[in-house]
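Shown next, in structure tokens, is the structure this report addresses.
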Amino acid sequence: MASSKLLFTPYQLGKHLLSHRIVMSPMTRNRSFDAMPQKHAILYYSQRTSPGGFIVTEATGVSDTAQGYPHTPGIWTKEQTEAWKPIVDAVHAKGGVFFCQLWHVGRVSNKGFQPNGQDPISSTTKGFTPAVRASYVQEDWFSHPRALETDEIPKIIKDFVVSARNAIDAGFDGIELHGAHGYLLEQFLKDNVNDRTDKYGGSLENRCRFVLELVEAVVKEVGADKVGIKLAPFSDFMEAGDSDPAALGTYLVEALNKYGLLYLHVLEPRMKTTGETNNQSIDPMRKAFKGTFMVGGGYDKDLGEKALEEGRADLVVYGRPFVANPDLPKRFEVDAPLNEPDRNTFFSHDPVVGYTDYPFLEEVTA
């Protein structure tokens with residue numbers, strides 16, 4: 001058992017002085033009706049804010065083609081941007097640092113979510129093997145994708161750039177690009193999905209080209225000090241695996257270093273798929289990356305302490321524990337018991353149940 005208190009030591013994240021190393025993970029919660037951030041999210045995020053704490057939003061769509069799940073928020077319109085402002089203000093009012101995670105789901109969608117009922121777009125025309133995945137959605141529910149034409153890719157990059165600018169206009173301190181979990185960026189990165197024959201497919205360099213062009217464009221728009229990226233080279237979510245994830249991870253990190261990103265958020269190999277472990281190591285990515293290195297994936301307090309003690313990370317990202325424990329940093333600090341998350345409510349659409357109704361420590365001990 002880890003005995004030190006490194007989780008509770010300050011950390012300088014760019015211009016932001018964090019009071020602890022416990023980061024709230026981006027987590028899809030399916031409560032933003034019609035892709036609009038809702039007022040009940042003000043309470044949800046502010047409950048989980050601590051002074052000097054770092055929070056990343058749920059994945060937020062960059063266009064009307066980016067959606068693939070019910071009631072996930074967007075930030076591609078002026079109206080959506082305005083709706084985020086009071087949520088951001090509430091987090092800032094409690095002293096939190098707040099980044100918006102931007103995503104495009106790519107082929108993880110169906111025609112019902114797409115404008116004019118069109119096919120979802122991807123790096124490929126390959127669909128899924130019918131199966132039930134960790135999101136409790138059958139993969140045969142997803143529509144067959146259409147591969148983006150080479151000359152369409154700059155438009156997708158522009159969508160991310162516009163949404164990044166909107167996020168900064170909404171008051172966010174920065175943005176995180178979602179390059180994990182089998183969504184569009186990973187669909188280009190990984191050779192199990194990317195079967196293209198143009199300059200965005202084939203070699204490792206070509207498969208990384210889209211992501212690197214995207215990073216370059218977003219950094220140019222909002223500044224490298226406001227940009228992070230999430231990667232998961234060793235994972236196989238949504239059948240997005242790679243034949244040589246170690247090489248992919250190392251190449252990406254070395255290529256990303258030239259852009260001076262604020263942070264890299266990496267999913268541990270133990271989260272290859274839900275409930276599985278993988279003993280391959282992300283340490284070479286840690287050693288190679290020149291910015292802040294954040295790790296996530298199945299961490300508890302002791303594992304987080306151990307990662308910091310061993311120098312394997314600067315910050316530790318927590319997901320499900322933050323869902324059920326809005327005051328998670330405090331509970332960790334005083335070794336208080338944790339509320340158990342109710343998985344049955346993770347993806348429900350209720351604005352309260354399983355969202356803002358978990359008790360705080362004071363309510364439990366009163």
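Note that the coordinates shown come from a computational prediction; the quantities given were computed from them, not determined experimentally.
- Taking both residues in full, the closest heavy atoms of Ala255 and Leu212 are given as CB-CD1, 3.6 Å, listed atom of the first, atom of the second, then distance.
- Minimum interatomic distance between Ala232 and Glu186 (heavy atoms only, all atoms of both residues): O-OE2, 3.1 Å.
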Inset, instruction - Could you check Phe128 against Val108 for side chain to side chain contact (heavy atoms under 4.5 Å, CB included), going step by step and ending with a plain yes or no? - result: CA-CA 9 Å; Phe128 292 104; Val108 187; 3.9 Å; yes
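- Among pairs with a residue in residues 22-31, none fulfils salt bridge (Lys or Arg N to Asp or Glu O under 4.0 Å), at least two apart in sequence or across chains.
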Inset, instruction - Dump the intermediate steps for side chain to side chain contact (heavy atoms under 4.5 Å, CB included) on Tyr358 and Val323, then the final yes or no. - result: CA-CA 8 Å; Tyr358 284 103; Val323 169; 4.0 Å; yes
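- Residues satisfying the side-chain hydrogen bond (donor to acceptor under 3.5 Å, both in side chains) test with Thr197, not counting sequence neighbours, are none.
- Not counting sequence neighbours, the partners of Thr72 by the side-chain hydrogen bond (donor to acceptor under 3.5 Å, both in side chains) test are Gln67.
- In this model, a donor atom of one side chain and an acceptor atom of the other lie less than 3.5 Å apart for Thr150 and Asp198.
- Residues Lys220 and Val161 are not in side-chain contact: their nearest non-hydrogen atoms beyond the backbone lie 4.5 Å or more apart.
- Using cut-offs of 30° and 60° for the angle between ring planes, the Tyr69 and Tyr183 rings count as perpendicular.
- One hydrophobic cluster holds both Ile153 and Val219 under the rule that ILVMFWY side chains link at heavy-atom gaps under 4.5 Å.
- Residue Met294 belongs to a hydrophobic cluster whose other members are Tyr11, Leu13, Leu18, Val23, Phe54, Val56, Val97, Phe99, Leu262, Tyr263, Leu315, Val317, with links defined by side-chain heavy atoms closer than 4.5 Å.
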Inset, instruction - With salt bridge (charged side-chain N to carboxylate O under 4.0 Å, His left out) as the test, would you mind laying out the steps for Lys301 and Asp335 before giving the verdict? - result: CA-CA 9 Å; Lys301 178 186 173 182; Asp335 289 317; 2.4 Å; yes
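- In this structure, the side chains of Leu256 and Leu231 come closer than 4.5 Å at one or more pairs of heavy atoms.
- The shortest heavy-atom contact between Ser19 and Pro51 is OG-O, 2.6 Å.
- Using a 4.5 Å heavy-atom threshold, the side chains of Ile282 and Leu267 count as separate.
- Every residue meeting the side chain to side chain contact (heavy atoms under 4.5 Å, CB included) condition with Lys290, not counting sequence neighbours, appears here in chain and number order: Asn257.
- Under the 4.5 Å side-chain heavy-atom criterion for grouping Ile, Leu, Val, Met, Phe, Trp and Tyr, Tyr259 is connected to Leu177 within one hydrophobic cluster.
- In this structure Asp159 satisfies the side chain to side chain contact (heavy atoms under 4.5 Å, CB included) test together with Val62, Ser63, Lys155, Ile156, sequence neighbours excluded.
- Distance check, rounded to the nearest 0.5 Å: CD1 of Ile75 to OG of Ser32 gives 11.0 Å.
- For Pro37, the side chain to side chain contact (heavy atoms under 4.5 Å, CB included) test picks out Pro73, Gln80, Ala83, Trp84, Ile87, with sequence neighbours left out.
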Inset, instruction - Go through Glu213 and Tyr200 one step at a time and tell me if the side chain to side chain contact (heavy atoms under 4.5 Å, CB included) criterion holds. - result: CA-CA 11 Å; Glu213 288 181 352; Tyr200 293 99; 2.7 Å; yes
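- No path of Ile, Leu, Val, Met, Phe, Trp and Tyr side chains, each step under 4.5 Å between heavy atoms, connects Leu43 with Tyr355, placing them in separate hydrophobic clusters.
- Among Tyr318, Phe98, Tyr45, the single residue meeting the side-chain contact (heavy atoms from CB on, under 4.5 Å) criterion with Met24 is Tyr45.
- Residue pairs meeting the salt bridge (Lys or Arg N to Asp or Glu O under 4.0 Å) criterion with at least one partner in residues 100-122, sequence neighbours excluded, are Lys111-Asp119.
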Legend entry - salt bridge (charged side-chain N to carboxylate O under 4.0 Å, His left out) between Glu333 and Lys330, worked out: CA-CA 5 Å; Glu333 190 168 21; Lys330 181 177 181 180; over 6 Å; no
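- Around the NZ atom of Lys158, the shell of radius 6.0 Å holds no more than 12 heavy atoms that belong to other residues, nucleotides or ligands.
- Judged as a side chain to side chain contact (heavy atoms under 4.5 Å, CB included), and not counting sequence neighbours, the contacts of Ile168 are Arg165, Val222, Lys226.
- Of the options Arg146, His144, His104, Gln187, a side-chain hydrogen bond (donor to acceptor under 3.5 Å, both in side chains) to Ser122 is made by Gln187 and by none of the others.
- With rounding to the nearest 0.5 angstrom, the CG atom of Leu7 is 9.0 Å from the CG atom of Asp302.
- In this structure Asp314 satisfies the side-chain hydrogen bond (donor to acceptor under 3.5 Å, both in side chains) test together with Arg286, sequence neighbours excluded.
- By the 4.5 Å heavy-atom criterion applied to side chains, Pro359 and Asn339 are counted as neighbours.
- Arg48 has its side chain within reach of Pro326: a pair of non-hydrogen atoms, C-beta onward, lies under 4.5 Å apart.
- Between the CD1 atom in Ile55 and the CD1 atom in Ile22 there is a gap of 12.0 Å [rounded to 0.5 Å].
- With sequence neighbours left out, Lys94 forms a side-chain hydrogen bond (donor to acceptor under 3.5 Å, both in side chains) with no residue at all.
- Put simply, the side chain of Thr65 reaches to within 4.5 Å of the side chain of Gln114, judged on heavy atoms.
- Of all non-hydrogen atoms in Leu148 and Arg196, the two that sit nearest each other are O-NH2, 2.7 Å.
- By the 4.5 Å heavy-atom criterion applied to side chains, Val218 and Leu102 are not counted as neighbours.
- A heavy-atom distance below 4.5 Å is not found between the side chains of Ser25 and Phe322.
- Closest approach of Phe347 and Thr28 over heavy atoms only: CE2-O, 3.7 Å.
- Phe113 is not connected to Trp76 by any chain of hydrophobic side-chain contacts under 4.5 Å among Ile, Leu, Val, Met, Phe, Trp and Tyr, and they are in different clusters.
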Inset, instruction - Check step by step if side chain to side chain contact (heavy atoms under 4.5 Å, CB included) holds for Val227 and Ile175. - result: CA-CA 5 Å; Val227 181; Ile175 62 99; 4.1 Å; yes
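- The minimum heavy-atom distance linking Leu17 with Pro10 is given by the pair CD1-CB, 4.2 Å.
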Inset, instruction - Please step through ring pair (Phe, Tyr, Trp, His ring centres under 6.0 Å) for the pair Phe33 and His71, ending with a clear verdict. - result: CA-CA 5 Å; Phe33 312 121; His71 308 310; 5.0 Å; yes
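- With 3.5 Å as the limit, one finds no donor-acceptor pair spanning the side chains of Gln47 and Thr356.
- Side-chain heavy atoms closer than 4.5 Å link hydrophobic residues (I, L, V, M, F, W, Y) into clusters, and following such links, even through other members, never connects Met36 to Val162.
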List the atom pairs, donor and acceptor, that lie under 3.5 Å between side-chain atoms in residues 244-252 and the rest of the protein, sequence neighbours left out.
{"residue": "Asp244", "atom": "OD1", "partner": "Ala247", "partner atom": "N", "Å": "3.3"}
{"residue": "Thr250", "atom": "OG1", "partner": "Ala246", "partner atom": "O", "Å": "3.0"}

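- Side chains of Arg331 and Asn325: a donor-acceptor N/O pair is present below 3.5 angstrom, by distance only.
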